[in-house]
Novice: 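Pasting a structure below so you can have a look.
Order of the sequence lines sets the chain letters (A, B, ...), proteins ahead of strands, with each chain counted from 1. Computed from heavy atoms alone, side chains included, the values below leave out hydrogens, waters and symmetry copies. Small disclaimer: the values here were computed from a predicted structure and weren't measured.
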2 protein chains.
Amino acid sequence: MVSKKQTTIQDIAKALNITASTVSRAMNDHPKISQATKNMVIEKAREMQYQPNAMASNLRKGKANTVGMIVPRINRHFFSNIINGVESILNPAGYNLIICQSEERVSKEIENVKTLISNRVSGILMSLSIETQDVKHLQKVMNHRIPLVLFDRVSNKLPISCVENDDELGAYDMTIHLIDQGYTNFMWMGGPRNVFIYKNRYCGYKKALESRKLKPAQMQIFEGHPTLQVALDFMRNYLEHNKAPDVVFATSDYMAMGAIQACQEKGLKIPDDIAVAGYANEPFSELISPKLTTVEQYSEEIGKAAARLLLEEMLSENDEVIPRKTILRPRLIVRESTVKSKQE
Amino acid sequence: MVSKKQTTIQDIAKALNITASTVSRAMNDHPKISQATKNMVIEKAREMQYQPNAMASNLRKGKANTVGMIVPRINRHFFSNIINGVESILNPAGYNLIICQSEERVSKEIENVKTLISNRVSGILMSLSIETQDVKHLQKVMNHRIPLVLFDRVSNKLPISCVENDDELGAYDMTIHLIDQGYTNFMWMGGPRNVFIYKNRYCGYKKALESRKLKPAQMQIFEGHPTLQVALDFMRNYLEHNKAPDVVFATSDYMAMGAIQACQEKGLKIPDDIAVAGYANEPFSELISPKLTTVEQYSEEIGKAAARLLLEEMLSENDEVIPRKTILRPRLIVRESTVKSKQE
DNA sequence: AAACACAATGCAAACGTTTGCATTTATTTT
DNA sequence: AAAATAAATGCAAACGTTTGCATTGTGTTT
């Protein structure tokens, strides 16, 4: 059994009849400490079950080798894959990650920011909550000179480096694919268009239609919380009172799934009676039947890109950093739900 | 623009012509500080963009109000839901969470443990990596008197509180359901049975069969890495050379999905020609067609239970805590994949 | 009016490191 | 052999809080 208190470098110093400075330097492999002393110290440290006190060390050094990351939710594949990407860059570089969830609430997001500033993290990576409009809390991070990089849900109200998907292009590519398949009567479904990503996806969709001389104005548009249930409810009701469109382009796989279920309930065959496309390439999208045409966003790459930008800012000597943008091109994945069987 | 250095309580004290102690007490709402002073301090703090230095505070107090959590991977619904459960208990109690991934490697797990000890977390929650056999690193945590609770992937080599699923019971219930549906010719699929959870699920399956006088010995058993692809490959090959069983009980939804795909390729109707059951209630399991019968594990509850146990240990005055176990009962979810249509 | 209680604040040490500078000891140069 | 250099370690302050105890000032009791 160990004693009540934790071992400190002082204890080790006392035991070896040297000073704490020497112990500290020995543990940190300082060049001016003799190998003999280093060995002695390291052995003693092990013997006494010494674990450095990161709080004391960080305090003295004025910073922790820790990066804070704020995401709306971790139980979304998109975000947890991004986290993996981030770790794959930051861990080898010697940083630990503190992950916070905003739960899509701006109040929690502000809370998280405060915690991270208080912990004097070396940098912050974040994706804004769906509620976030005002960015005072981001300004605060910048005032504290903490490097900050936004990803996916970004803001352009402040000069901050960020990593984005080219959502407009993703939606554009998808729409062109759908038009090429011969569909003309569209329905668009998406999350609220005050959120950048949905706005951009809508723009891409609109541009594609216009480029082929179709009139987006007359197309159906449904905007709502991007979940299965919301889309299902809407679509059930819609099909009750209206003629089905040729194709539903849902800018969320969950909404696409809702639409599919509503259609199947009505006895509509997909894709022969109605086609459905999604967005995000959620894991289930290739497990369902018909397999869902969607857009892959390379989430892990987003994390890597964001981590690289942050790393550069953290290591930069320069006080004033020029914000940079990384824009990733998504990839269209064509599956069964939008390609009519040959015999038709 | 702010000055290069961060504001400290000293700066606030100087600005108000009082001492740092008073500022500290005012910020922490100490009863002996007058309301007037508190207001003054708080106002000044806001004005000067003060953010408390958690490192200094933690160092002085000897502990951080932080809990460390180690999971094999965060991009599994099972684990990310557990994390949500943990946060729902720990955040209101005033704790922050540091989440670490072991990536199923014992070496990373040991690394993580060291980091958490160094950061003097108030407690650790962990689920062991699939590799972990030796538990010296857990002993180390205990030596440092850091409260520790294991969940899901536990070890009984040390006296540690833990939260487990009753996997045996879950599999038992499922098997009984399948027998009741009239299936007799079984195939069992699962992960490696040296892993506790798969072993237990197998035991439950076996016990159920025996209780109904069926001979498990003659049933088909496939043991492999619990992924869709592995199960798909196996099943394709199996159906090529053998008569299909009545029912496949896969103790992983992904394996079940692989089996389903192989069957559908062969033109077998589910559940009429062959039934398939899974385990874990992955999100996709109710999105596919037919909807998959499976077992819900209440992952969020696991997190809550673990957090509650930890909280008690952290708050306990008592130095020696008696380890406690919470065992959660999973719930059978009967869906389409195992229930024959009425007209048959 | 002296003695007391009480509220509010100040003083100073402590938490465990790190690090610039000073000191000691050993080695090399003149 | 004295002086200069190099190598290894020690000294002490600092990081920004918190907190037990001491001090001050104000109002209350005898």
Novice: Under the criterion side-chain hydrogen bond (donor to acceptor under 3.5 Å, both in side chains), which of B:Gln139, B:Arg145, B:Lys140 is the partner of B:Asn143?
Specialist: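 With B:Asn143 as partner, side-chain hydrogen bond (donor to acceptor under 3.5 Å, both in side chains) holds for just one option, B:Gln139.
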
Novice: May I have the distance from A:Leu16 (atom CG) to D:dA8 (atom P), rounded to whole angstrom?
Specialist: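 So the two atoms are 18 Å apart, to the nearest Å.
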
Novice: When you check the gap from the basic side-chain N to the acidic O, do A:Arg153 and A:Glu164 get nearer than 4.0 Å?
Specialist: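 Judged by the 4.0 Å cut-off on N to carboxylate O distance, A:Arg153 and A:Glu164 do not form a salt bridge.
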
Novice: Using a strict cut-off of less than 4.0 Å between a Lys/Arg side-chain nitrogen and an Asp/Glu carboxylate oxygen, indicate whether A:Glu312 and A:Arg324 qualify as a salt bridge.
Specialist: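 Yes, A:Glu312 and A:Arg324 are salt-bridged.
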
Novice: Whole angstroms only, please: what is the CG-P distance between B:Asn53 and D:dT18?
Specialist: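 Rounded to the whole Å, the gap is 10 Å.
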
Novice: If I take atom CG in residue A:Asn17 and atom P in nucleotide D:dC11, what distance separates them, rounded to the nearest angstrom?
Specialist: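 So the two atoms are 11 Å apart, to the nearest Å.
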
Novice: Could you tell me how far apart B:Arg60 (CZ) and D:dT18 (C1') are, to the nearest whole angstrom?
Specialist: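 After rounding, the gap between these two atoms is 4 Å.
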
Novice: So, A:Glu111 and A:Arg105, do they make that salt bridge, N to O below 4.0 Å?
Specialist: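 A:Arg105 and A:Glu111: not salt-bridged.
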
Novice: Distance check needed: D:dC15 C1' versus B:Ile9 CD1, whole Å only.
Specialist: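 So the two atoms are 12 Å apart, to the nearest Å.
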
Novice: With a 3.5 Å cut-off and sequence neighbours excluded, list the donor-acceptor pairs that the side chains of residues 88-99 of chain B form with protein atoms.
Specialist:
residue	atom	partner	partner atom	Å
B:Ser88	OG	B:Gly85	O	2.6

Novice: Decide yes or no, distance alone: a donor-acceptor N/O pair under 3.5 angstrom between the base of C:dC11 and the side-chain of B:Ser21.
Specialist: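 For B:Ser21, whose side chain was compared with the base of C:dC11, there is a donor-acceptor pair (under 3.5 Å).
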
Novice: Not counting sequence neighbours, which residues clear ring pair (Phe, Tyr, Trp, His ring centres under 6.0 Å) with A:His137? List them please.
Specialist: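 Here no residue qualifies.
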
Novice: Let's see if you get this right: which residues in residues 22-41 of chain A place a heavy atom under 4.0 Å from DNA chain D?
Specialist: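 DNA chain D contact set from residues 22-41 of chain A: A:Thr22, A:Arg25, A:Lys32, A:Ile33, A:Ser34, A:Thr37.
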
Novice: Using a cut-off of strictly less than 4.0 Å, decide whether A:Thr8 has a side-chain nitrogen or oxygen near OP1 or OP2 of C:dG16.
Specialist: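 No.
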
Novice: Grab the NZ-C1' distance between A:Lys14 and C:dT17 for me, whole Å please.
Specialist: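 Interatomic distance, NZ of A:Lys14 to C1' of C:dT17: 15 Å.
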
Novice: Could you give the CG-to-C1' distance, from A:Leu59 to D:dA14, as a whole number of Å?
Specialist: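 Answer to the nearest Å: 9 Å.
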
Novice: Please report the distance, rounded to the nearest Å, between CD1 in B:Ile18 and P in D:dT17.
Specialist: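 B:Ile18 atom CD1 is separated from D:dT17 atom P by 13 Å.
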
